[in-house]
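What follows is one structure encoded as structure tokens, with my remarks underneath.
Keep in mind that the numbers below use all heavy atoms, side chains included, and drop hydrogens, waters and symmetry copies. Just so it is clear: chains get the letters A, B, ... in the order the sequence lines come, proteins before strands, and each one is counted from 1.
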2 protein chains.
Amino acid sequence: MATGRTHRPATRSRGIPEATVARLPLYLRALTALSERSVPTVSSEELAAAAGVNSAKLRKDFSYLGSYGTRGVGYDVEYLVYQISRELGLTQDWPVVIVGIGNLGAALANYGGFASRGFRVAALIDADPAMTGRQVAGIAVQHSDDLEKIISDNGVSIGVITTPPGVAQQVCDRLVAAGVTSILNFAPTVLSVPDGVDVRKVDLSIELQILAFHEQRKAGEEHEGTAPPVAAHQDSSEQGPDGDVPAVMPA
Amino acid sequence: MATGRTHRPATRSRGIPEATVARLPLYLRALTALSERSVPTVSSEELAAAAGVNSAKLRKDFSYLGSYGTRGVGYDVEYLVYQISRELGLTQDWPVVIVGIGNLGAALANYGGFASRGFRVAALIDADPAMTGRQVAGIAVQHSDDLEKIISDNGVSIGVITTPPGVAQQVCDRLVAAGVTSILNFAPTVLSVPDGVDVRKVDLSIELQILAFHEQRKAGEEHEGTAPPVAAHQDSSEQGPDGDVPAVMPA
DNA sequence: CCATCTTTGTGCACGCGTTCACAAAGACAT
DNA sequence: ATGTCTTTGTGAACGCGTGCACAAAGATGG
């Protein structure tokens with residue numbers, strides 16, 4: 001699924017475009033891999049290939065951070081790892097709570113990617129009394145009655161919601177009221193939050209539906225022969241896969 | 001965020017912008033809820049509020065599908081549900097395989113959102129012999145040796161990868177070779193696939209890092225008097241995601 | 001049948017993001 | 001030093017997506 005964010009288009013974080021921010025973790029991962037192999041420097045071309053992006057885009061992205069490269073040589077891997085980490089705020093500890101310890105919540109609690117980058121699962125919270133006290137990923141599940149206290153005691157500012165959709169909004173409200181200002185939402189619900197609170201959404205069902213759309217399109221296009229690199233332009237002879245009314249008119 | 005897509009800028013699906021396609025599932029969900037409450041018609045304003053988007057954007061999105069509204073009245077809920085479902089290809093059955101039945105794979109297998117919209121978990125596949133035969137979500141796990149046969153026997157075109165990152169690319173290669181043309185990747189790896197294969201990426205770690213970035217920015221702006229008039233007043237646009245910045249992945 | 005009211009559909013302008021293409025900057029050899 | 005070679009950093013152009021604002025279309029009432 002995809003992602004959506006609650007964000008004001010005007011407030012460009014600090015000159016760093018949102019699209020660039022979204023790619024920084026990608027670069028960081030590639031750089032970390034290089035660092036582990038003790039590679040000292042890397043060119044924009046190589047790094048771009050490793051991250052799966054265009055090299056011009058990568059250079060422009062880095063230019064927003066500053067001039068950290070050396071012309072004729074490339075970028076110092078360790079230095080760049082540090083700069084990106086700092087920019088992303090990963091040099092500090094981020095306590096995170098996960099609310100809703102079902103299958104998905106448990107999976108996230110066990111997910112190694114959290115701890116590896118400054119994120120620490122501070123608490124697991126569930127509304128089911130039967131869950132309270134049970135160990136998941138080595139952490140005891142706490143009851144949601146104590147949500148506010150848990151948030152404030154641990155100084156949590158990031159919350160992950162993996163509850164059923166019906167209670168997601170109310171959990172969200174309580175998290176926000178308790179001081180959480182960033183939310184990662186896995187429930188298939190549109191959350192409404194006050195200004196100043198960021199919400200990112202991960203929706204599995206939506207991701208699949210987008211794939212299905214393209215899949216259907218591919219299936220319906222099978223008269224196109226052997227993959228011509230570019231299909232001219234507006235296909236006027238296009239038809240709905242199941243023979244229905246095409247209905248699409250380009251603006 | 002979580003999504004990356006293999007974007008072919010030239011092959012614009014069929015006049016329907018990618019951004020619109022990504023929102024259709026959102027509208028569909030809101031419409032389904034209305035349908036269950038037997039609401040006959042809905043205005044663009046109401047539906048937009050329910051989906052958390054701007055009403056002008058919603059109308060423009062629908063205009064790509066055709067003129068399905070009635071001026072002065074709004075949109076017929078049932079009819080719109082059908083049209084969007086058809087456009088997304090949800091009127092047909094999509095068998096899906098999940099490869100890598102760890103915590104996350106099991107969570108996905110149990111996820112109700114799959115079956116609810118034409119997606120059917122056709123098989124669960126894992127490389128660990130100890131997993132083979134075990135029931136997860138009522139489905140017997142099969143060994144990865146049989147991957148190719150499973151794909152072809154079930155006519156699977158959509159694969160979900162929830163393996164450790166180390167083996168994700170090779171699993172991907174086998175899926176593609178066996179005929180899969182759409183992949184939903186949960187492994188923190190940049191997959192390389194041939195043209196014609198769509199990849200969408202969901203990366204939990206990246207989502208958190210993006211949140212951390214904004215969180216840090218918020219914290220750092222608290223006592224800063226510098227420049228930004230923008231930071232002071234948040235926009236008055238209320239709730240709801242007003243933008244969607246997908247992280248674009250390469251093919 | 002005409003007037004009014006509601007809501008859609010869209011032309012237009014604007015801004016963000018991507019990409020190209022190249023000058024500037026440094027490394028390196030002679 | 002000077003020239004050559006590599007690679008960065010960025011100016012500029014372009015295309016996509018968003019949102020405004022309004023005319024067209026239909027409903028509704030008199």
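- Rounded to whole angstrom, the span from the CG atom of B/Leu58 across to the C1' atom of C/dT7 amounts to 12 Å.
- Nucleic acid contact for B/Tyr75: sugar-phosphate only, since backbone atoms but no base atoms lie under 4.0 Å from a heavy atom of the residue.
- Ranking C/dA27, D/dT18, C/dC20 by closeness to the A/Val73 side chain, first place goes to C/dA27.
- Whole-Å rounding puts the A/Glu46 CD to D/dT6 C1' distance at 12 Å.
- Counting to the nearest Å, the C1' atom of C/dT8 and the CG atom of B/Asn54 are 14 Å from each other.
- A donor-acceptor pair shorter than 3.5 Å can be found between the side chains of B/Glu78 and B/Ser35.
- Among the nucleotides C/dA21, C/dT18, C/dG11, the one closest to any side-chain atom of A/Arg59 is C/dA21.
- Side-chain nitrogen and oxygen atoms of B/Ser43 include none within less than 4.0 Å of the OP1 or OP2 phosphate oxygen of C/dT7.
- Comparing atom distances between the B/Thr70 side chain and each of D/dT8, D/dA27, D/dG19 picks out D/dA27 as nearest.
- A donor and an acceptor atom never sit less than 3.5 Å apart when one is taken from the side chain of A/Arg71 and the other from the base of D/dT7.
- Ring pair B/Tyr79/B/Tyr68: centre-to-centre distance below 6.0 Å.
- Between the CD1 atom of A/Ile161 and the OG1 atom of A/Thr163 there is a distance of 6.0 Å, given to the nearest 0.5 Å.
- Heavy-atom nearest nucleotides on DNA chain C were determined for A/Asp61 and for A/Gly72, and the one closer to the 5' end corresponds to A/Asp61.
- With hydrogens and angles ignored, no donor-acceptor pair under 3.5 angstrom links the side chain of B/Lys60 to the base of D/dT18.
- You'll find that the side chain of A/Arg23 is closest to C/dT18, out of C/dG17, C/dT8, C/dT18.
- Here D/dC16 presents its P atom at 17 Å from NZ of B/Lys57, a figure rounded to the nearest Å.
- The two residues A/Ala51 and A/Tyr27 come nearest to each other via the heavy atoms CB-CD2, 3.8 Å.
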